[in-house]
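Quick notes on the structure that follows.
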Amino acid sequence: MSSADSDPEDAITKEEIAGTAPAPADAEDAGVSLGTKRSAFTELMSPKTKVPKDEPKTLASTRGALTRSFKQRDGLGAYTHDPAAHPASRVIYYNDDFVAINDMYPKSTVHTLSLPRSPLSSLHPFKAFEDASFLASVQAETQKLKRLVAKELQRRYGKYSAKDRKREAVLNGEIEWEEGKELPKGRDWESELLVGVHAHPSMNDLHVHVLSPDMISECMRHRKHYNSFNTPFLVDVTEFPLAKDDPRRHPGRAGYVTSDLICWRCGKNFGNKFKQLKEHLSEEFEAWKKE
């Protein structure tokens, strides 16, 4: 697929595919970043991991000489081709085999992508993941990004969470803690993440989504945005390889993105009432943070 023309199975809009949709106003500060905040991310660094240098703020949709050659459905190729050309607010880290970025149009408060730098990335993930070695490498790198996103959620929302109360008290110096002793583990944020590839990818380069489950974002504007992450349309990389008769191989036939809107947390059915779901999600977000 080579253009931004509408496809009924796409999980994003043609404006998002073309990079012309408005990005969040706070996109520069909202994503995951390495080398910041309580040194929680240092354990994920390795000699081969590189962190982009901070650059002056730019509009997320700005097209430079490089990105103009990666248009529309090929847009993600700009990051794997030259990750160092992008600001740290977009590229979280990169190495010889992968690039991790903050999604330009996040559908949750934290929404990242893992991009393999492999010739197999031009294939549909269902086909690419038939290669056992490639699948194993993607699964391992996805796990790395999951740990990173989980720590970011803990950093942002741990102060609200009942399960993280003791850990936060130690970090804030409110209770004494033996030097060198491991911090209380607290809430298992990693187990709550949404992770996987879309059964019908809208972009040509293979990419794995790793995001928080809250679905709170000004970019979450349509039923297909929501359902693409809250139905079997999102396929976890741990579930590959898929059986030949797996219904997720035919997402259009299954009708995932056009199905009823079901709250991810309480299970309430909102039918096709997207506005009501959005209002409800804001309430659920506050309750979720406090768990």
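Side chains are part of it too, since the values below use all heavy atoms of this structure and drop only hydrogens, waters and symmetry mates. Since the model is a prediction, treat every value here as computed from it, not as a measurement.
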Could you walk me through whether R73 and S202 pass side chain to side chain contact (heavy atoms under 4.5 Å, CB included), step by step? CA-CA 7 Å; R73 295 185 190 271; S202 298; 4.2 Å; yes
Given the side-chain rings of F233 and Y226, with only the six-membered ring counted for Trp, is the space between their centroids under 6.0 Å? no
NZ/NE/NH1/NH2 to OD/OE distance under 4.0 Å, E174 and K159: no
Do E291 and R187 meet the salt-bridge criterion of a basic N to acidic O distance under 4.0 Å? yes
Going by atom types only, do S133 and D131 share a side-chain donor-acceptor pair under 3.5 Å? no
Looking only at the side chains, is there a donor atom on one of T109 and D214 sitting less than 3.5 Å from an acceptor on the other? yes
Apply side chain to side chain donor-acceptor pair (under 3.5 Å) to residues E152 and W189 and explain how you reach the verdict. CA-CA 9 Å; E152 175 64 9; W189 296 94; over 6 Å; no
Can you get from F229 to Y256 by hopping between Ile, Leu, Val, Met, Phe, Trp and Tyr side chains that sit under 4.5 Å apart? no
Is there side-chain contact between H280 and C266, with at least one heavy-atom pair below 4.5 Å? yes
Quick one: does any side-chain atom of H225 pair with a main-chain N or O of R221 as donor and acceptor, under 3.5 Å? yes
Which value, rounded to the nearest 0.5 Å, describes the distance between S122 atom OG and N204 atom CG? 9.0 Å
H198 side chain vs S228 backbone, donor-acceptor pair below 3.5 Å: yes
When rounded to the nearest 0.5 angstrom, what is the spacing between CZ in F274 and CZ in R223? 10.0 Å
Are the side chain of D205 and the backbone N or O of S121 linked by a donor-acceptor pair below 3.5 Å? no
Audit row: W264, L281, side chain to side chain contact (heavy atoms under 4.5 Å, CB included) steps and yes/no: CA-CA 9 Å; W264 66 271; L281 290 176; 3.6 Å; yes
Roughly how far, to the nearest 0.5 Å, is the NZ atom of K273 from the CG atom of D260? 11.0 Å
Please name the pair of heavy atoms, one in Q139 and one in V237, separated by the smallest distance, quoted to 0.1 Å. NE2-O, 2.8 Å
Separation of L242 CG from F126 CZ (nearest 0.5 Å): 5.0 Å
Flag, side chain of H86 to backbone of P83, donor-acceptor distance under 3.5 Å: no
Carboxylate-amine/guanidinium contact E168 R165, below 4.0 Å: no
Side-chain (N227) to main-chain (S259) donor-acceptor, under 3.5 angstrom: yes
Using side-chain heavy atoms (C-beta onward) and a distance below 4.5 Å, is Y79 in contact with V91? yes
Less than 4.5 Å apart, any side-chain heavy atom of H124 and any of R249? no
Which pair of non-hydrogen atoms, one from S114 and one from E141, has the smallest distance, and what is that distance? OG-CG, 3.9 Å
Please step through side chain to side chain contact (heavy atoms under 4.5 Å, CB included) for the pair K146 and V210, ending with a clear verdict. CA-CA 6 Å; K146 284 174 62 178; V210 179; 4.0 Å; yes
Are L123 and F98 joined in one hydrophobic group, where the rule is that I, L, V, M, F, W and Y side chains link up if heavy atoms are under 4.5 Å apart? yes
R90 side chain to I101 main-chain N or O, any donor-acceptor pair under 3.5 Å? no
Between atom NZ of K185 and atom CG of D164, what is the distance when rounded to the nearest 0.5 Å? 12.0 Å
Does N269 reach the side chain of L261, with side-chain heavy atoms less than 4.5 Å apart? no
Does the side chain of F240 reach to within under 4.5 Å of the side chain of V197, using non-hydrogen atoms? yes
Just verifying a value: how many Å separate M203 CE and L113 CG, rounded to the nearest 0.5 Å? 9.5 Å
In the structure I gave you, are the side-chain heavy atoms of D103 and H209 within less than 4.5 Å of one another anywhere? yes
Residues E284 and K289 bridged, charged N to O under 4.0 Å: no
Less than 6.0 angstrom from the centroid, inside 45 degrees of the normal: does K181 satisfy that with respect to the ring of W177? yes
Non-hydrogen atoms of L206 and P125 that approach each other most closely: CD1-CA, 3.7 Å
Might you work through the ring-ring contact (aromatic ring centres under 6.0 Å, His included) test for Y160 and F285, ending with a clear yes or no? CA-CA 11 Å; Y160 305 110; F285 179 47; 8.7 Å; no
Hey, does Y105 have a side-chain heavy atom less than 4.5 Å from the side chain of M220? no
Atom NZ of K166 with >12 non-hydrogen neighbours under 6.0 angstrom: no
Which of these, L211, V110, L153, T112, sits in a side-chain contact (heavy atoms from CB on, under 4.5 Å) with L193? L153
Tell me, please, whether F270 has K278 positioned over its six-membered ring: NZ or CZ under 6.0 Å from the ring centre and within 45 degrees of its axis? no
Check against side chain to side chain contact (heavy atoms under 4.5 Å, CB included), R167 and Q154: CA-CA 10 Å; R167 183 179 186 279; Q154 190 170 55; 3.2 Å; yes
Of the non-hydrogen atoms in H200 and P251, which two are nearest, and what is the gap between them? CB-CG, 4.0 Å
How far apart are the closest heavy atoms of S212 and L194, and which atoms are they? O-CD1, 4.1 Å
Can you confirm whether L120 sits close enough to F134 that some side-chain heavy atom of one is under 4.5 Å from a side-chain heavy atom of the other? yes
Determine whether the side chains of S108 and S217 contain a donor N or O and an acceptor N or O closer than 3.5 Å. no
What are the two closest non-hydrogen atoms of D74 and F70, and how far apart are they? O-CB, 3.4 Å
Identify which one of K244, H250, R248 satisfies the side-chain contact (heavy atoms from CB on, under 4.5 Å) criterion when paired with D246. R248
